[in-house]
Amino acid sequence: MDKNRVIIEKGVIMEVPLIREIVIIFSLALIVLIVLNRAKLPTILGFFVTGVIAGPSVLGLISSGSIESLAELGVILLLFTIGLEMSPERFGEFRKTALIGGTLQIGLTVLMVAFLTLILGLSPGKAVFMGFLIALSSTAVVLKVLQDLHETETPHGQASLAILIFQDVAAVPMILTIPFLSGAGGSTPLHTLLTGGAVLLGTFLSARWIVPRLFDVVAATRSREIFLLTVILVCASVTWLTGSAGLSPALGAFLAGLIVANTDYAHRAQGTILPFQEVFLSFFFVSLGMLLDVGFFIGHLPLIILALIGVMMIKLALNSFVGFIMGFSARVVVLTGVVLAQIGEFSFILSESGLRYGLMDRFTFQAFLSVSLITMALTPFLISLSPRISESIIQADIHPRIKNGRRYRKPEVNLEDHLIIIGMGITGRRLAEISEDHGIPYIGIDVNPETVRRARDEGLNVYYGDGTHVGVLRHFNVPEAAVMVVAIADYRSTVHAIHEARALNERMKIIARIRGFENTENLYTAGADVVVSEKREATERISGEIFSCYSGVCELEE
């Protein structure tokens, strides 16, 4: 009988190795996370450290067979949640950035890495394969860090996530081309390509016709349990089919997530599965930590550090160059370059296929694994430092075209005593519509070209620009404006925009909108006249309604 099965005998659940090892992992993770939390270090780092400690190269608490099972399970669960979040609406919001920026980022990185590795003596197939590995960044790490910092809706957050979405989709054809890069003889490459094409076709058909009808039937039962089981069934079925076809099961999990994301029940599925995302993420990083050979890491530390510096410099330089080509300002260029400077989870899937087809050996795999894990571990620290880096670059004497990004269109009329709206999100768009209705002269500014295009298509007076730069503010005649509203998601950018605008116009009324409970004193010091916090205002309104009930004036309608 399989020793990893739980045997229920006479009402007693017998302890088995896999259950024991999971208990060990989470017990150790709890201790590590408490220590790191007191040191104010990221939780992602804690899961990775847990895996290293529990792995065979340190304490050896986990058996080798369990490591492989947990690693595969962690990747499968994580990639399913990533695919589940890729709705067509989300891709459509940043379509241009994703398609153009993602293509340039992957293409330039593959070319640069392939060129350098060819010089080092690798074959063309292996050189391109190394380019694939380094080109991809980590959606899981970046999304987690940006969410923790509340920066997913910032310009650099939106640009980064758009490119990450494209990378994740582009990983599928990369996996299918690995047999060709290896130069495998016989019909293996053609068989893999045909199999991959059949899987993709099946994914499309399932997403278009089969799965939506299945969910229609399930939704009619109004049973939460049946719906959850159906989501799990879809994930397990696609994962099993891709594995049976000779492809990566993790790829199948990602495709399963895409299938569910393209149904009318995507939001319900996300609400059911995504609360477990933290658990999936922890499994992923613990499993990666267990795969790391500490002895190899220490023995080849100079080589690993050299490779780490090279990889991050290449990614930083090329990501920043792509941001410049896309027309982003220097600040957004630097922040986006730092955010995408690590190696991603799809690279581990590619590396496993590369091992199988002889595109890399065990030595190269361990070196790649070490470098990749360090880039992921450094990401939270680099992102937290990136605003200082961008500020130092902005203050340097660089060309205005680089500092401000693309050329800005001149307003069609030279406005005076007008309203300036920085940030055309929900709040900014609504203010623009109200201004249109009441005949108030206004100009809207946003750093996202897709947002600007949609707003202009609707007839709103909106222009592309980064409102944190004094040159852009002068361009849109801030010195003659009557009111300015700053409605952007990034708190640091809000403070900076207010400071620059106040220096240009001491008479103008400046209104700042913030999302949470950030320090308002910094905004008033920078020059804001009014600060509106969405969460603080909502909390005060709700608390007022609560207290009115306990004051004897609460009236409930019949």
I'd like to check the side chain to side chain donor-acceptor pair (under 3.5 Å) partners of Ser137; sequence neighbours left out, ordered by chain and number.
Lys315
Intermediate values then yes/no, side-chain contact (heavy atoms from CB on, under 4.5 Å), Val231 and Phe80:
CA-CA 11 Å; Val231 173; Phe80 176 66; 3.8 Å; yes
Is the closest basic N to carboxylate O distance between Arg454 and Asp446 below 4.0 Å?
no
Pairs flagged by side-chain hydrogen bond (donor to acceptor under 3.5 Å, both in side chains) wherever residues 370-385 is involved - sequence neighbours left out
Gln342-Thr379
Is it the case that the side chain of Ser347 and the backbone of Ile343 share a donor-acceptor pair, with hydrogens and angles ignored and the cut-off at 3.5 Å?
no
Using the salt bridge (Lys or Arg N to Asp or Glu O under 4.0 Å) rule, take Asp293 and Arg362 through it: C-alpha gap first, then chi angles, then the decisive distance, then the call.
CA-CA 11 Å; Asp293 186 338; Arg362 285 289 174 182; over 6 Å; no
Hey, does Leu164 have a side-chain heavy atom less than 4.5 Å from the side chain of Leu161?
yes
Straight-line distance of Arg492 CZ to Leu335 CG, nearest 0.5 Å:
9.0 Å
Considering only distance and modelled atom types, tabulate donor-acceptor pairs under 3.5 Å from the side chains of residues 250-259, sequence neighbours left out.
none

Hey, are the side chains of Tyr491 and Arg515 touching, using non-hydrogen atoms and a 4.5 Å cut-off?
no
Assess whether side-chain contact (heavy atoms from CB on, under 4.5 Å) is satisfied between Leu369 and Phe297, documenting all intermediate values.
CA-CA 10 Å; Leu369 181 65; Phe297 181 84; over 6 Å; no
For the residue pair Ser351 and Phe368, what are the closest heavy atoms and their distance?
CB-CE2, 3.8 Å
For Ala528 and Ile498, work out which heavy atoms get closest and say how close.
N-CG2, 3.4 Å
Which residues pass the side-chain contact (heavy atoms from CB on, under 4.5 Å) test with Ala341, sequence neighbours left out?
Met312, Leu316
As a quick check of understanding, evaluate side-chain contact (heavy atoms from CB on, under 4.5 Å) for Val486 and Ile511, giving each step before the final call.
CA-CA 6 Å; Val486 184; Ile511 305 169; over 6 Å; no
Assess whether atom CZ of Phe321 is packed by more than 12 heavy atoms of other residues, nucleotides or ligands within 6.0 Å.
no
Close side-chain approach of Met376 and Phe48, heavy atoms under 4.5 Å:
no
Sequence-distant partners of Ser493, side chain to side chain donor-acceptor pair (under 3.5 Å), two or more places apart:
Arg331, Asp490
So how far is it from Leu473 CG to Arg502 CZ, rounded to the nearest 0.5 Å?
12.0 Å
Check whether any side-chain heavy atom of Met424 sits under 4.5 Å from a side-chain heavy atom of Val452, and report yes or no.
no
Backbone of Ile100 reached by a side-chain donor or acceptor of Thr103 within 3.5 Å:
no
Rounded to the nearest 0.5 Å, what's the gap from CZ on Phe346 to CD on Gln167? Could you check?
10.5 Å
Can you confirm whether more than 12 heavy atoms, excluding those of Ile119, are under 6.0 Å from its CD1 atom?
yes
Please report the closest heavy-atom contact between Ala497 and Gly467, naming both atoms and the distance.
CB-O, 3.5 Å
Atom pair CG (Leu136) and CZ (Phe166), whose distance is rounded to the nearest 0.5 Å
11.0 Å
I'd like to check the salt bridge (charged side-chain N to carboxylate O under 4.0 Å, His left out) partners of Arg429; sequence neighbours left out, ordered by chain and number.
Glu458
Below 6.0 angstrom between ring centroids: does that apply to Tyr463 and His475?
no
Any donor-acceptor pair under 3.5 Å from Ser138 side chain to Val141 backbone:
yes
I need the minimum non-hydrogen distance between Ala501 and Ile510, along with the two atoms involved.
CB-CD1, 4.2 Å
Heavy atoms, side chains only, cut-off 4.5 Å: are Val32 and Ile34 in contact?
no
About how many Å separate CD of Glu521 and CG of Leu523, when rounded to the nearest 0.5 Å?
9.0 Å
Please tell me if the side chains of Ile383 and Leu385 come closer than 4.5 Å, counting only heavy atoms from C-beta onward.
no
Using side-chain contact (heavy atoms from CB on, under 4.5 Å) as the criterion, list what pairs up with Val294, not counting sequence neighbours.
Val52, Ser57, Val58, Ile298
Does any N or O in the side chain of His499 come within less than 3.5 Å of the main-chain N or O of Val495, such that one atom is a donor and the other an acceptor?
no
I need the Thr494 OG1 to Ile422 CD1 distance, nearest 0.5 Å.
9.0 Å
Under the 3.5 angstrom rule, does the side chain of Asn319 hit a backbone N or O of Leu340 as a donor-acceptor pair?
yes
Residues which pass side chain to side chain donor-acceptor pair (under 3.5 Å) with Thr364, listed by chain and number, not counting sequence neighbours
Asp361
Across all chains, not counting sequence neighbours, the side chain to side chain donor-acceptor pair (under 3.5 Å) partners of Thr427 are Arg513
Could you go through Leu116 and Leu118, starting from their C-alpha distance and side-chain angles, then the distance that decides it, and tell me whether this counts as side-chain contact (heavy atoms from CB on, under 4.5 Å)?
CA-CA 5 Å; Leu116 294 175; Leu118 279 172; over 6 Å; no
Whether the side chain of Thr336 engages the backbone of Val333 through a donor-acceptor N/O pair (distance < 3.5 Å, no angle test) should be reported.
no
Are side-chain heavy atoms of Lys126 and Thr117 found at a separation under 4.5 Å?
no
Report the residues that fulfil side-chain contact (heavy atoms from CB on, under 4.5 Å) with Thr520, sequence neighbours left out, ordered by chain and then residue number.
Ile514, Tyr524, Val531, Arg536
Least distance between heavy atoms, Gly337 atom then Ser320 atom:
CA-OG, 4.1 Å
Can you see which heavy atom on Phe476 is nearest to which on Tyr464, and at what distance?
CZ-O, 3.7 Å
Would you please name every residue forming a salt bridge (charged side-chain N to carboxylate O under 4.0 Å, His left out) with Arg430, sequence neighbours left out?
Glu433
Contacts of type side-chain contact (heavy atoms from CB on, under 4.5 Å), residue Thr109, not counting sequence neighbours:
Gln105, Val113, Ile134, Ala135, Leu318
Is there side-chain contact between Ile445 and Ile421, with at least one heavy-atom pair below 4.5 Å?
no
